[in-house]
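Heads up, the thing below is written out as structure tokens.
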Amino acid sequence: MSDSNSLGVYLRSRRTKLDPASFGFAGGRRRTAGLRREEVAQRANISATWYTWLEQGRGGSPSADVLDRIARALTLTDVEREHLFLVGLGRPPEVRYRGSDAITPRLQRLLDVLTYSPAIVRTATWDVVAWNRAAAAVLTDYGALPPDQRNVLRLIFCDPRVRAAQSEWEAVARFVVATFRIDAARAGADAEVAKLVDELSQASPEFASMWRDNNVQTHGDGVKRLRHPRLGPITLEYSAFAVDARPDLSLIVYNPATPADRKLIESLVEGLPATR
């Protein structure tokens, strides 16, 4: 087998690392470690000849369905499955959305160390699943809300206090809808957002109109201006970051735009009188 056959080399490397006994195959003496080719083919429900050709670089380009079955047969992790598609088809696999409210303690500690920078973690469907003390003080006290209400779109369109805090509500709302649409599509979460879209369309004619516009926009970074009930006008610079190995999550960090804004946020977080 030539080293230029990257797909075959990768398949063989994954196959030889597996324990036959853990899949119900007889152990005993084997010429090579791991599963045999015919055992992988059996688990993937493809012919042993076709699988052998793939490893030998003689099978042509496999379909995405075949690669998916082989990935399951070899119990590949998400990153291993992605690499399999890259070497086999030259592109990553279609996104499979698997939303989860759980974040790692390490990620929460990262949020907490941002003492005076409000920061949240949201899902592809814009549910806020983690936040720090500054976010609770400056943006929304998410901990005081039921979990199913910690959704940015619900807050923007259905919570009068959140709406009143936006200096330019309509521009913010249009941006949120356009960004939400592409985030959900990128994560393969179209089916998951259908219920939320129906709910918001009934609750808010403004949302229904903006959703029908079919605009899309990326989040990136920018400036957010708020009318805080205690601090008054405040300006934040925000940046969005992907969470590695979690395509369903985004980390959004809001930094005070000026020393005066930082002083106000510091006073709020520390419970001190707010003065400009």
Side-chain angles (χ1 to χ4, degrees), residues 111 114 116-132 134-146 148-187 189 192-193 196-242 248-258 260-262 264-265 268 274:
L111 297 181
L114 300 170
Y116 304 122
S117 294
I120 64 172
V121 175
R122 68 167 191 237
T123 68
T125 55
W126 284 47
D127 291 317
V128 177
V129 294
W131 57 92
N132 62 7
V138 176
L139 302 177
T140 298
D141 186 1
Y142 301 102
L145 299 174
D148 64 346
Q149 296 302 309
R150 298 170 190 164
N151 179 274
V152 175
L153 280 89
R154 283 196 179 97
L155 293 170
I156 288 290
F157 285 95
C158 302
D159 190 316
R161 292 172 298 178
V162 173
R163 179 168 182 151
Q166 312 305 314
S167 295
E168 299 176 348
W169 179 85
E170 183 173 350
V172 170
R174 290 189 180 279
F175 173 79
V176 165
V177 171
T179 313
F180 164 76
R181 182 188 292 275
I182 199 167
D183 278 357
R186 280 174 173 167
E192 284 75 12
V193 306
L196 176 61
V197 168
D198 288 344
E199 174 192 328
L200 290 174
S201 295
Q202 294 180 28
S204 170
E206 292 160 310
F207 172 84
S209 175
M210 293 179 190
W211 186 255
R212 286 194 300 268
D213 287 341
N214 278 286
N215 292 329
V216 292
Q217 191 169 345
T218 57
H219 200 288
D221 52 32
V223 175
K224 184 176 185 65
R225 294 179 175 84
L226 294 174
R227 292 191 293 258
H228 194 273
R230 286 182 55 188
L231 303 182
I234 189 168
T235 303
L236 303 166
E237 297 175 338
Y238 65 81
S239 297
F241 304 91
D248 58 311
L249 296 183
S250 295
L251 167 64
I252 318 297
V253 179
Y254 299 85
N255 284 314
T258 68
D261 291 313
R262 177 182 170 84
L264 286 172
I265 293 176
L268 186 66

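Since we're looking at a predicted model, the values are computed, not measured.
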Mind listing the closest non-hydrogen atom pair of Ile156 and Arg163 along with its distance? O-CB, 4.1 Å
In Asp127, Asp183, Asp248, the residue satisfying side-chain hydrogen bond (donor to acceptor under 3.5 Å, both in side chains) with Arg122 is Asp183
Ala136 to Trp131 - nearest heavy-atom pair and separation: CB-CD1, 4.2 Å
As a quick check of understanding, evaluate side chain to side chain contact (heavy atoms under 4.5 Å, CB included) for Arg154 and Leu196, giving each step before the final call. CA-CA 9 Å; Arg154 283 196 179 97; Leu196 176 61; 3.7 Å; yes
Rounded to the nearest 0.5 Å, what's the gap from CG on Leu155 to CD on Gln149? Could you check? 7.5 Å
Which atom names give the shortest non-hydrogen contact between Tyr116 and Arg262, and what distance separates them? CD1-NH2, 3.3 Å
Please round to the nearest 0.5 Å and tell me the distance separating atom CD1 of Ile252 and atom CH2 of Trp126. 7.0 Å
Just so I know, are the side chains of Val177 and Asp213 near enough to count as touching, which here means a heavy-atom distance under 4.5 Å? no
Testing the basics here: between Leu200 and Cys158, what is the closest heavy-atom pair and its distance to 0.1 Å? CD2-SG, 3.9 Å
Side chains of Leu236 and Val223, heavy atoms from C-beta outward: is any pair under 4.5 Å? no
Any side-chain heavy-atom pair of Thr140 and Val128 under 4.5 Å: no
For residues Val197 and Phe207, report the shortest heavy-atom separation together with the two atoms involved. O-CE2, 3.7 Å
Pair Tyr254-Val138, side chain to side chain contact (heavy atoms under 4.5 Å, CB included): steps then yes or no: CA-CA 10 Å; Tyr254 299 85; Val138 176; over 6 Å; no
May I ask you to test the Asn214-Arg181 pair for a side-chain heavy-atom distance under 4.5 Å? yes
When you compare the side chain of Asn255 with that of Leu114, does any pair of heavy atoms fall below 4.5 Å? no
May I ask you to decide if the ring planes of Phe180 and Trp211 are parallel, tilted or perpendicular, using 30° and 60° as cut-offs? tilted
Do you see a donor-acceptor pair shorter than 3.5 Å between the side chains of Asp261 and Thr258? yes
Are any side-chain N or O atoms of Ser209 and backbone N or O atoms of Pro205, one a donor and one an acceptor, separated by less than 3.5 Å? no
Between Phe157 and Trp169, what is the ring plane arrangement, given parallel below 30°, perpendicular above 60°, and tilted in between? perpendicular
Grab the two heavy atoms, one from Pro118 and one from Asn132, that are nearest each other, plus how far apart they are. CA-OD1, 3.7 Å
Show, in sequence, the C-alpha distance, side-chain angles and deciding distance for Leu264 and His228, and conclude whether the side chain to side chain contact (heavy atoms under 4.5 Å, CB included) test is met. CA-CA 10 Å; Leu264 286 172; His228 194 273; over 6 Å; no
Determine whether a donor-acceptor pair (N or O, by modelled atom type, separation under 3.5 Å) exists between the side chain of Thr179 and the backbone of Phe175. yes
N/O donor-acceptor pair under 3.5 Å between Arg174 side chain and Met210 backbone: no
Quick check: are there more than 12 heavy atoms from other residues, nucleotides or ligands sitting under 6.0 Å from CZ of Arg225? no
